[in-house]
Amino acid sequence: MAWTAQPRRAIPAGMKKGDHLFLIDGSGYIFRAYHALPPLTRKSDGLPVGAVSGFCNMLWKLMQDARNTDVGLVPTHFAVIFDYSSKTFRNELYPEYKANRSAPPEDLIPQFGLIRQATKAFNLPCIEMEGFEADDLIATYCKLACEAGGDTTIISSDKDLMQLVGDTVGMYDPMKDRQIGIPEVIEKWGVPPEKMIDLQALTGDSVDNVPGVPGIGPKTAAQLLEQFGDLDGLLERAGEIKQDKRRESIIANADKARISRQLVTLMNDVPVVDGLDDFVLHAPDGPKLIGFLKTMEFTSLTRRVAEATGTEAGDVQAVAVTVERADTAHGPDVGAGAPTAAPSTAGTNEAGAAPAAVMGEAAKAGDTPSLLAALRLEAASAARIDAGAYVTIRDTATLKAWLAEARETGVVAFDTETTSSDPMLADLIGFSMAIAPGRAAYMPLAHKSGAGDLLGGGMLENQVPIREALALLKPLLEDRSVLKIVQDVKYDIVVMSRHGVDVAPFDDTMLISYVLDAGTGHHTLSALSDKWLGHATTPLKDLAGSGRSSVGFEQVDIDRATAYAAGHADVAFRLWQVLKPRLAAKGLVSVYERLERPLVPVLARMEQRGISVDRQILSRLSGELAQGAARLEEEIYGLVGERINIGSPKQLGDILFGRMGLPGGSKTKTGQWSTSAQLLEDLAAEGHELPRKIVDWRQLTKLKSTYTDALPGFIHPDTRRVHTSYALAATTTGRLSSSDPNLQNIPVRTAEGRKIRTAFIADKGHKLVSADYSQIELRVLAHVAEIPQLTQAFADGADIHAITASEMFNVPVEGMPSEVRRRAKAINFGIIYGISAFGLANQLSIPREEAGAYIKKYFERFPGIRDYIDATKAYAREHGFVETIFGRRIHYPEIRSSNPSIRAFNERASINARLQGTAADIIRRAMVHMDEALEKAGLSARMLLQVHDELIFETVEAEVEATIPVVRRVMENAPMPAVSMSVPLHVDARAANNWDEAH
DNA sequence: ACAGAAGCTTA
DNA sequence: GTAAGCTTCTGTT
C-alpha cells in the first residue's frame with residue numbers, strides 16, 4: 001500500500017484517546033547506528049553517511065512495519081527528538097556528568113546535521129531544546145500524550161528511557177525488531193520500570209559518569225530493591241545487609257546513590273514549545289524525500305520510496321545538502337595508506353575473481369569499490385532473514401539440483417554441523433549450503449532419534465547416506481571454478497580433508513572481517529551477523545541445550561537444525577557480499593591475499609600432522625612433581641600450623657599478612673592481599689622461609705596440572721599425536737594463538753619446566769628442527785624507525801643490548817658489567833612494549849624517577865625512536881588505527897578516550913602493534929612460502945608448530961643438514977619481495993631428538 | 001553450571 | 001610497559 005493512503009487528519013488538534021505517538025530517540029539512534037553499522041560508509045565524494053543511511057532505512061522500515069502491524073501500533077503522531085548540546089541542567093547538579101565523553105568520531109560529526117535534514121525530508125518534526133537531553137523531552141511528551149489519553153511508543157533501546165515504560169508507554173528497538181514493555185523490562189533488569197530509576201542510581205553508568213555505588217551491578221541492585229522495596233528503604237536499612245563488603249559500600253556511598261538518582265531521573269515537565277498537535281503525521285512529500293535520498297546515493301531506498309509513493313525517481317533532481325565537515329579531504333578514506341611495497345596482482349587463485357553477476361548487479365563500469373561496498377551494505381542491512389524459507393535436502397536428486405545451481409552461479413557458501421568443536425575429532429552430522437541470499441538448504445546426514453537408549457537412539461530415516469553425499473559434494477568443493485564461502489574455513493577444511501575432500505578455492509568471512517576490522521571486536525559469525533546484517537543468530541544452546549543436559553547436534557530436531565544450519569550458510573553468503581568489496585575499497589586486498597588466505601591450508605596441514613608427545617616421560621615427570629609438591633605441602637603446613645588450601649590466594653593472603661603479620665603486603669583490585677610470585681620472592685629474599693616454599697609449590701603444581709597431567713589427554717586416539725588448534729583471527733596484532741592444547745606456552749625458562757619439552761619428540765628415524773628469529777621485533781624497530789646505530793649494530797652482528805648500553809652509559813662493550821647490559825636490555829624490551837617510566841621501574845625494581853631518567857637518556861641517544869613513537873601516536877589518534885609495514889591494519893577505537901589511562905594504554909598498544917604485527921606478518925610470509933621451498937628442494941621436512949618467532953619441523957634424519965639452510969633462507973628472506981628491510985633478519989636453527997635440545 | 005579474579009606459562 | 005591461553009578458587013546462577 002502506498003504511503004499516501006494513510007488517512008489524513010483534517011484539522012490538527014492535540015491528541016485524543018486512541019491516538020498513538022511515536023517518539024524517536026534521534027541522538028541515541030545516531031550513536032548506535034554509527035557503532036553498529038559500517039565504520040566508513042561514504043558517498044562517492046567522500047562524505048561519510050553510514051549513520052544517515054541506517055537512520056533513513058530505519059525510518060522507512062518503521063513506517064512500513066507500523067502500517068502492517070495490529071491496530072494500536074499505527075502512528076497518528078510522530079516526532080524525532082535530538083540532544084541539543086552536551087551541557088544540560090545535570091551538569092549543575094554534578095559537574096562530572098558525562099565529563100568523560102570523548103568528542104564524537106570525526107566521520108560522525110557531519111552526519112548529525114544530515115540526520116536532521118533527513119528527518120525534515122521525511123516531513124517529520126525535528127525537536128530539540130537547549131539545556132535538556134532528548135530523554136527529558138521524550139519524558140515530557142510521554143506525559144503530555146498520556147494526559148491526553150493517547151498511547152506512546154519510544155523508538156529506542158536505551159535503558160535510561162525504560163523508566164517511562166508503563167500501561168500507555170512502550171518502547172521499540174528497531175535494530176533488533178523487539179518491543180519493550182513492562183515484562184521485557186522486568187526480564188532484562190529484574191525490576192519493573194518504576195524501579196529503574198532506583199536501579200540505575202545504584203549501578204551508576206560509567207559511560208555517562210553517573211557514579212552509583214561501587215561494586216553494585218544490575219543483579220545485585222535488583223535483588224536489593226526486591227528486598228528493601230526502594231532506594232530510600234535500602235539506604236535506611238542498609239545495616240541489615242548480610243554481605244560485609246556490600247553493606248559497607250552502600251553505607252559509604254549513600255550520597256553517591258542519591259545524586260545518581262537525581263541524574264538518572266528524567267524531567268517530564270520541560271517547557272516545550274511544540275505541542276502534540278504539531279506532531280500530527282502527514283504523508284511524506286515523495287519528490288522532496290526522493291531528492292534527499294538521491295543526493296545521499298541511497299539507491300535502493302530511493303527505489304523503494306519511489307515505488308511506495310508512486311513517484312518517478314528519474315524525474316527528481318538531487319538536492320543540495322549542507323554539511324558540517326570536520327575534514328573530508330584528509331579523513332581516513334578508502335584507498336589511503338595502502339602498503340608501500342605490497343604487490344596487488346590478482347594471483348593465480350580463481351577465487352579472487354568471482355563472477356560479476358554474483359558480486360552484484362551494481363558493479364557496473366565506473367562504479368568505485370567503495371560505492372559497491374556501500375550499496376551492498378545498504379541492501380544487506382535492509383533485507384530480512386527468514387529462517388522458515390530454507391529447504392531440507394533428504395535425497396540425492398534434490399542435492400544434485402542444488403549442486404548444479406551452485407556450479408552455475410560459481411559461488412556457494414557452506415557450513416558443516418558436527419559432533420565436536422575439535423575438527424580432528426568431529427563426526428559429520430549435516431551439511432548446509434547457500435547459493436544466494438535467502439536461498440539456503442540443510443542436508444541432515446547422521447541425525448539420530450532423540451529418544452535415545454543406552455545405545456544412543458537409532459539413525460533417522462530419509463537422510464542421504466554420508467558416503468553418497470560426500471561423493472556428490474567432493475567435485476563441487478574441489479572445483480577450481482566454484483568459490484566456496486565459509487566462516488572459519490580452516491575447521492571445515494580439516495573436517496573435509498579427513499573425508500578425502502580438498503576444499504578449494506575459498507573465501508573466509510572471518511578472515512575478511514579480521515583484515516578489515518582487527519581491534520574492533522570479535523569476528524564470529526554471530527558478531528558479524530549482528531554488526532553487518534542487524535540479524536541475531538540463534539545460539540547453539542537454544543537447540544542443543546547447555547551443560548549437563550546438552551545433547552549432540554545429531555539429537556537436534558531436523559527442522560530446527562535446518563533453520564539453524566542453513567541460516568549459517570545464508571548469513572555467511574550475505575556477509576561475504578557485504579565484506580568482500582570492502583577489502584578493495586580500503587586497499588586491504590593484498591593483506592588478505594598474501595597473509596591470511598594462503599596461510600589457512602598451511603595451518604590446516606600443521607594441525608592435522610600434530611606432534612608426538614611421549615606419554616611415559618610426562619607420566620614420570622608428573623610423579624616427580626607430585627612428590628615434590630607433597631613434600632613442600634607438609635613443610636608449609638608445619639610452618640603455618642594448619643592445613644590450609646595453598647592454592648587459595650585468599651586463604652594464603654589471610655595467613656601470611658593477617659595472622660603471621662608478614663610485611664609489605666599490597667592489595668589486589670578486589671581488596672584481597674596480593675600473593676604474587678614477585679611479592680613472595682621479595683619476602684623470600686628478606687630471609688622468610690615460607691614464601692620461598694609457596695613459590696616453589698606453585699611452580700610444581702602449575703607444571704603438573706597445566707602440562708604433565710593435561711597434555712596426555714590431548715593425544716589423539718588414532719594418530720597418537722597431539723593436534724593443537726591455531727586461531728588466525730584471535731589476536732589484535734596479527735599473531736596466531738594456539739589452544740586445545742596451547743603449545744605456544746610450553747615452559748622453557750626454568751630447568752624444571754624445560755623437562756616438559758623433552759616429552760615433545762620426533763618419530764623414529766626423524767629429528768625435530770627448531771628455527772627461530774633472533775631479536776625480530778628490535779630489528780623491525782630499527783627498520784621502521786630508521787635508527788642508524790641499531791641498523792649498523794645488526795648489520796655487524798653485534799650484541800644489540802650491549803651496544804644500547806654502550807651508547808647510553810658511555811661504557812665500552814668490552815668488559816661491560818652484566819648489570820649495565822641487563823638494564824639496557826630491559827629498556828629495549830620496554831620500547832617494544834610502548835615504554836613507560838612506571839613499567840620500567842617495576843621491571844628493574846628501581847625508583848620511577850630513575851627509570852624516567854633512563855628513558856630520557858635513551859631518547860637523547862636515539863632521537864629517531866622518540867620520533868617514531870610520537871609519529872605512531874599521532875597517526876593512531878588521527879586515523880584510529882596503525883599499520884604494519886605490510887599494510888595490516890590494527891584499530892584502536894579508544895585511542896581518543898578522554899580517560900588518560902585508557903588513552904595511554906592504547907598508545908602503548910599501538911606502538912607495540914606495529915612492531916609485533918610486522919614480526920607476525922614476516923613469519924606468516926615465511927610459513928606461506930615454506931612448503932613450496934621445501935618441496936622444490938626435494939626435502940620431506942614438515943612444519944609442525946609455530947611459536948610466534950619460532951618454527952618447529954619434523955624431518956628424516958638424513959635430510960637434517962639439507963633442510964636447515966632452506967628453512968633459514970625462507971625465513972630470513974620472508975619480507976621480500978614485498979618489502980626490502982634495511983636490517984638483516986637472522987635465524988638460528990638446530991636439530992635434535994626432542995624440543996628441549998632442538999631449541 | 002558458569003563468570004570473573006588471580007596467578008602463571010609463553011613470545 | 002605489549003600480545004596470548006589454561007587452571008584453580010570463589011561467588012553467583
Side-chain angles (χ1 to χ4, degrees), chain A residues 190 217 219-220 223 243 245-246 518-519 541 545-550 645-653 667-680 694-695 698-707 709-711 714 724-727 730-750 752-754 756-757 772-773 775-777 826-844 848 851 855 869 890 901 904-917 919-920 923 945-950 999:
Chain A
K219 296 290 178 222
T220 313
Q223 182 233 312
Q243 297 91 336
K245 263 179 61 181
R246 189 175 292 174
K541 66 173 177 356
S546 66
R548 187 179 292 270
S549 60
S550 69
N645 182 348
I646 309 168
S648 162
K650 187 169 178 288
Q651 292 184 33
L652 209 50
K667 57 304 140 213
T668 66
K669 61 183 165 189
T670 53
Q672 286 298 321
W673 295 109
S674 166
T675 65
S676 68
Q678 177 64 60
L679 199 145
L680 297 184
I694 292 167
V695 169
R698 279 192 183 158
Q699 190 200 5
L700 299 188
T701 53
K702 173 77 177 178
L703 293 175
K704 183 170 184 294
S705 68
T706 306
Y707 302 104
D709 288 353
L711 279 172
F714 286 100
T724 185
S725 172
Y726 288 105
T731 72
T732 50
T733 56
R735 274 190 177 182
L736 303 179
S737 75
S738 157
S739 64
D740 310 293
N742 181 356
L743 296 185
Q744 291 180 323
N745 72 346
I746 302 300
V748 72
R749 284 176 197 185
T750 66
E752 278 295 301
R754 263 202 307 278
I756 311 244
R757 292 199 168 211
D772 65 289
Y773 284 106
Q775 310 283 9
I776 187 167
E777 288 176 0
I827 293 170
N828 278 334
F829 272 97
I831 297 293
I832 292 168
Y833 296 153
I835 201 152
S836 75
F838 181 86
L840 183 64
N842 242 357
Q843 176 66 32
L844 289 175
R848 201 186 308 191
I855 295 170
I869 288 172
I890 300 135
S901 72
F905 175 82
N906 278 272
E907 287 171 353
R908 290 194 298 272
S910 62
I911 290 160
N912 173 256
R914 285 182 74 187
L915 306 173
Q916 189 186 109
I923 196 165
L945 303 178
Q946 188 250 42
V947 192
H948 307 309
D949 65 359
E950 175 188 14
H999 184 76

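Numbered from 1 within each chain, the chains take letters A, B, ... in sequence-line order. The analysis underlying the following values was restricted to heavy atoms, covering all of them including side chains, and did not include hydrogens, waters or symmetry mates.
Between A:R908 and C:dT2 there is a side-chain N or O to OP1 or OP2 distance below 4.0 Å. Applying the 4.0 Å criterion to OP1 and OP2 of C:dG5, one finds that A:S737 has a side-chain N or O inside that range.
Between the CD1 atom of A:I756 and the P atom of C:dT7 there is a distance of 13 Å, rounded to whole Å. Distance A:I911 CD1 to C:dT2 C1': 10 Å, rounded to the nearest Å.
Note on A:T732: only backbone sugar-phosphate atoms sit closer than 4.0 angstrom, heavy atoms only; bases stay farther off. Within the 4.0 angstrom heavy-atom criterion, base atoms lie near A:L840. At the heavy-atom level, A:S836 lies under 4.0 Å from base atoms of the strands shown. Using a 4.0 Å heavy-atom distance criterion, A:R749 is classed as a base contact. Within the 4.0 angstrom heavy-atom criterion, no nucleotide atom of any strand lies near A:E777. Within the nucleic acid shown, A:A677 comes within 4.0 Å of sugar-phosphate atoms alone, with no base atom in reach, counting heavy atoms only. A:G547 comes within contact range of the sugar-phosphate backbone alone, with a heavy-atom separation under 4.0 Å but no base atom that close. A:A851 comes within 4.0 angstrom of no nucleic acid atom, judged by non-hydrogen atoms across all strands.
Taking every nucleotide of DNA chain B with any atom under 4.0 Å from a non-hydrogen atom of chain A, the first and last of them, 5' to 3', are B:dA1 to B:dA11.
Not one N or O on the side chain of A:T724 forms a donor-acceptor pair closer than 3.5 Å with the backbone of A:D740.
Less than 4.0 Å separates DNA chain B from at least one heavy atom of each of the following residues of residues 739-747 of chain A: A:Q744, A:N745, A:I746, A:P747.
Among all heavy-atom pairs drawn from A:Q699 and A:G753, the shortest one is NE2-N, 4.5 Å.
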Nucleotides 8-13 of chain C: protein proximity per nucleotide (B base, S sugar-phosphate only, - neither; heavy atom, under 4.0 Å): SSSSSS
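Put simply, NZ on A:K650 and CG on A:N645 are 11.5 Å apart, with the number rounded to the nearest 0.5 Å.
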